Structure formats: structure tokens, C-alpha cells
Amino acid sequence: IMEDLGRGASYTVPCDDYVHVVEFSPFDSGSAASLLAYGGNQYVVVGTCRFQEEDMEVEGVEFATLRVFHHALRVDCLAWSPESRLDKLPQLIRFCTAAADRKVRLLTSDLQNQHEVKVMEGHTSYINHLVFEPTEGKQIASVSDDHTCRVWDLEGNETTTFRLRSPGVSVCWHPEDAFKLMVAEKKGTIRFYDLVTQQAILSLDCGQSPLMSADWCLTNTIKVGAVTGSDWVIWDITRSSYPQEKRPAHVERAGNFRWSRVNENLFSTTGCPGKISSQLLVHHLGHPQPVMIGSATVGAGLSWHRSLPLCVIGGDRKLSFWMTEM
């Protein structure tokens, strides 16, 4: 039996400031440790994480800061580039951010004295999500309240624009096929686009709105999941444009949906940050109830580790990590 309030985090890392976004790099950086970036008001911290599940020498979690990047405004979302490497010299850290000034920023550093910021302008409203093309990392896609999904090259040129019918809330790139992009819209539609023909090739329908967050299961790409209203919904894209499964998840509106990177049946959802606490739920498709309930004070962001069933949420001067027993 699980307690209603949920359990505290498995591990925490103290931070100097309120953490608004947090992302594990989903890519192999050539290091045994995982790259992690977190950001808030005018800063992004990039570091590495090791957990006791990976290394007997570690007690709980070991976080090492690689660099603190100054950022003009509060960071609203962040995405890692697959080009980030720690095993070659010079080392390379590359990620992009979006902020309230409607600009995408590409940050590149060798962690020595070469630091570069490229600003990309074009969106006319709030940017909700962005992602790098995962095979080469030479393109970025972003979605916005301006009813567009835009694709950029690293020089800041807008190479493709898709007009949407409502605000774009999530964007995902196919892990092997660099020409397929998934875009989720607030009104409840998810469309897959072919970047060569620039046409929509498939669409999914929630049957309800608002859709707040969607994710493509990168370990089994026939699965797509989302949170809409207070429910989670999951599609098998080979079977129907309507969800296979739908369950109520959170008492109030749900905020984030993220698939685990290690198990195609494992995913997590968060409630919209409440005044006091925000709920993290980890679900397994074979189980009617959540397999883990975590409680975080005013959580922000949600990201899964690349190789462990572990997710992270930012909060007030801390990162909270939850390990799911498989």
C-alpha cells in the first residue's frame, strides 16, 4: 500500500537557487558519469552525476559541477546536443535554451576558455519546448505559443516552419530517422512531420484538451504518451489515432509526461506545480496503479537518466532524484 503523500526523494543535491529546468543528457558523452544541466534565473549549471547503483564507491549521489553559464534571463527550457563529449580534448559541452524573450540560445563551451552563445530569433511568442536532432546534432526544433514549430541550423537560420492550429507544447525527434518530427499541440492533436516533404504524415487525437506535454517512446517508437487535463494517455500509432489507454493521474491538472529511457513500459508524470507540493508519479503499463508516488515541494522540470530507472525534478534550491525499483 502506498502512502497518499508519496515518498521523499531517493537522493537530493543542494543548489544555490531555485531550479526551473533540469535535463539529463540522453546521449553518451564518453564519460562513465551522466551529464546533467539545470537552470533558473539567469544561470545554467552543467555537471556530471554518479549514483551508487552505478558505482559502489559513491554514497547516494555524487554531483560535480563542470561550469556555471550566465544566462540573460530565466531559463524556461533546455535541450542537450549529442555532440557534447567529455572523453576527447578539447571537451565539448553544447546545449540550447529558450527564455521569455522568445529567443533560442545555443551555448557551446570547451570548459576552458572558449565559450560561445548564438542567439536565434523568429518566434513571436513563448517557446514551450525544444530538441536537437539526435544523430548529428546539427539542427534544433522548437515549438511555441505562436502556433509554429521551427527548425533551425546551428548558424541560427530557420530552415523549416510548420504552421500549427494551436500552441505547440512538445517536440520530439525520431532517434534514428532524422527526417521525422513529432509535434504536440495544446488543443489535443499530435502530428508527425516528414522534414523532406514538409508534410504531416500521421496525426493522433487525445479526444480532449488541454494537452500539456507529450513524449515519443524512443525505445519503442510505436508508442506515444501524453498528459491531457488530469489524465495520462498512450497511443500505439500502428493501431489507431485514438489512445489505447487512458487513466486519471493527478487530482489537478497534469504538467509533464516522460518515457523512461530504459524500459518501454515505464513512464512518469508530474502534476502542475501546486502551491505546496507537486506530485511525481511513476507508472508501469502492466500495473493499474502507479508503481511509485513521490512528493516534491513545487517541482519543476522532469527528466529520466540515460541508463537507470531514475528521474530528477528541480525545486527550491535542490535537485530531487527518485529511483524506481524494477
Side-chain angles (χ1 to χ4, degrees), residues 11 13-17 19 21-40 42-72 75 77-99 103-120 130-142 151-157 159 173 175-176 178 218 261-262 301 303-308 310 312 314 319 321:
Y11 312 116
V13 168
C15 308
D16 288 342
D17 202 345
V19 177
V21 293
V22 57
E23 293 289 341
F24 276 116
S25 171
F27 307 110
D28 179 7
S29 67
S31 161
S34 293
L35 278 173
L36 179 101
Y38 66 88
Q42 302 191 322
Y43 77 95
V44 175
V45 174
V46 167
T48 57
C49 274
R50 289 285 280 166
F51 297 90
Q52 64 184 34
E53 283 79 5
E54 307 170 283
D55 184 344
M56 305 279 285
E57 309 277 297
V58 173
E59 277 183 47
V61 60
E62 211 168 73
F63 182 82
T65 301
L66 293 172
R67 182 174 156 82
V68 180
F69 293 81
H70 176 74
H71 193 273
V75 181
C77 41
L78 183 149
W80 276 100
S81 163
E83 292 191 282
S84 296
R85 301 296 298 186
L86 296 175
D87 59 342
K88 299 193 182 91
L89 287 174
Q91 292 179 315
L92 178 68
I93 291 291
R94 179 170 277 166
F95 59 94
C96 62
T97 62
K103 292 171 187 168
V104 173
R105 285 173 175 80
L106 173 66
L107 292 92
T108 305
S109 172
D110 66 357
L111 299 177
Q112 301 289 320
N113 37 29
Q114 295 289 110
H115 311 293
E116 199 185 314
V117 182
K118 181 101 199 144
V119 180
M120 308 183 183
L130 31 67
V131 66
F132 274 87
E133 188 283 309
T135 55
E136 312 256 314
K138 300 300 186 193
Q139 300 175 88
I140 295 165
S142 55
V151 180
W152 316 80
D153 65 20
L154 300 193
E155 296 303 306
N157 303 305
T159 56
W173 219 303
E176 286 96 37
L218 302 184
R261 302 187 196 282
V262 293
S303 183
W304 284 90
H305 190 277
R306 206 170 68 84
S307 54
L308 294 173
L310 174 134
V312 62
L319 299 174
F321 300 89

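This one's a predicted model, so the numbers in the text were calculated from it and none came from an experiment.
- For residues 104-119, every residue pair satisfying the salt bridge (charged side-chain N to carboxylate O under 4.0 Å, His left out) rule, not counting sequence neighbours, is listed here: D101-R105.
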- prompt: Where do T97 and L130 land on the side-chain contact (heavy atoms from CB on, under 4.5 Å) test, with the steps shown first?
  reply: CA-CA 8 Å; T97 62; L130 31 67; 5.9 Å; no
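- Ring-plane geometry between F51 and F321 is classed as perpendicular, the angle between the planes exceeding 60 degrees on a 0 to 90 degree scale with a lower cut at 30.
- With values rounded to the nearest 0.5 angstrom, H115 atom NE2 is found 7.0 Å from F69 atom CZ.
- Taking CD of E136 as the start and OG of S81 as the end, the distance is 10.5 Å to the nearest 0.5 Å.
- Ring pair F27/F132: centre-to-centre distance not below 6.0 Å.
- Under a cut-off of 6.0 angstrom, the local environment of CG in D87 is crowded, with over 12 non-hydrogen atoms contributed by other residues, nucleotides or ligands.
- Among residues two or more places apart in sequence or in another chain, the side-chain contact (heavy atoms from CB on, under 4.5 Å) test is passed with A37 by V44, V46, L78, W80.
- With rounding to the nearest 0.5 angstrom, the CD atom of E54 is 8.5 Å from the SG atom of C49.
- Between atom CD of residue E133 and atom CG of residue D153 there is a gap of 13.0 Å, rounded to the nearest 0.5 Å.
- The two residues G314 and L319 come nearest to each other via the heavy atoms CA-CD2, 4.3 Å.
- No donor-acceptor distance shorter than 3.5 angstrom exists from the side chain of R306 to the backbone of S34, with no hydrogens or angles considered.
- Side-chain contact check for R94 and T108: at least one donor-acceptor pair (N or O, by modelled atom type) lies under 3.5 Å.
- With rounding to the nearest 0.5 angstrom, the CG atom of L35 is 6.5 Å from the CG atom of L66.
- Between P82 and T135, every side-chain heavy-atom pair lies at or beyond the 4.5 Å cut-off.
- Between the side chain of R85 and the backbone N or O of D28, at least one donor-acceptor pair lies under 3.5 Å.
- Side chain of S303 to backbone of V312: no donor-acceptor contact under 3.5 angstrom is found.
- Shown here for G47 and F63, the closest heavy-atom pair between the two residues is CA-CZ, 3.7 Å.
- Looking at heavy atoms from C-beta onward, V45 lies out of side-chain contact with C15 at the 4.5 angstrom threshold.
- At least one side-chain heavy atom of M120 sits under 4.5 Å from a side-chain heavy atom of I140.
- Taking the side chain as every heavy atom from C-beta outward, H70 and Q42 approach each other to under 4.5 Å.
- Counting all heavy atoms, side chain and backbone alike, G60 lies closest to Y11 at CA-CE2, 3.4 Å.
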task: Could you please spell out the steps behind the side-chain contact (heavy atoms from CB on, under 4.5 Å) verdict for S142 and W152?
output: CA-CA 8 Å; S142 55; W152 316 80; 2.9 Å; yes
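- Here the rule is side-chain contact (heavy atoms from CB on, under 4.5 Å) with Y38, and of V75, V21, V19 only V19 fits it.
- Listed by first then second residue, pairs satisfying salt bridge (charged side-chain N to carboxylate O under 4.0 Å, His left out) with a partner in residues 59-68 number zero, not counting sequence neighbours.
- Rounding to the nearest 0.5 Å gives a distance of 5.0 Å between CG of D17 and OH of Y43.
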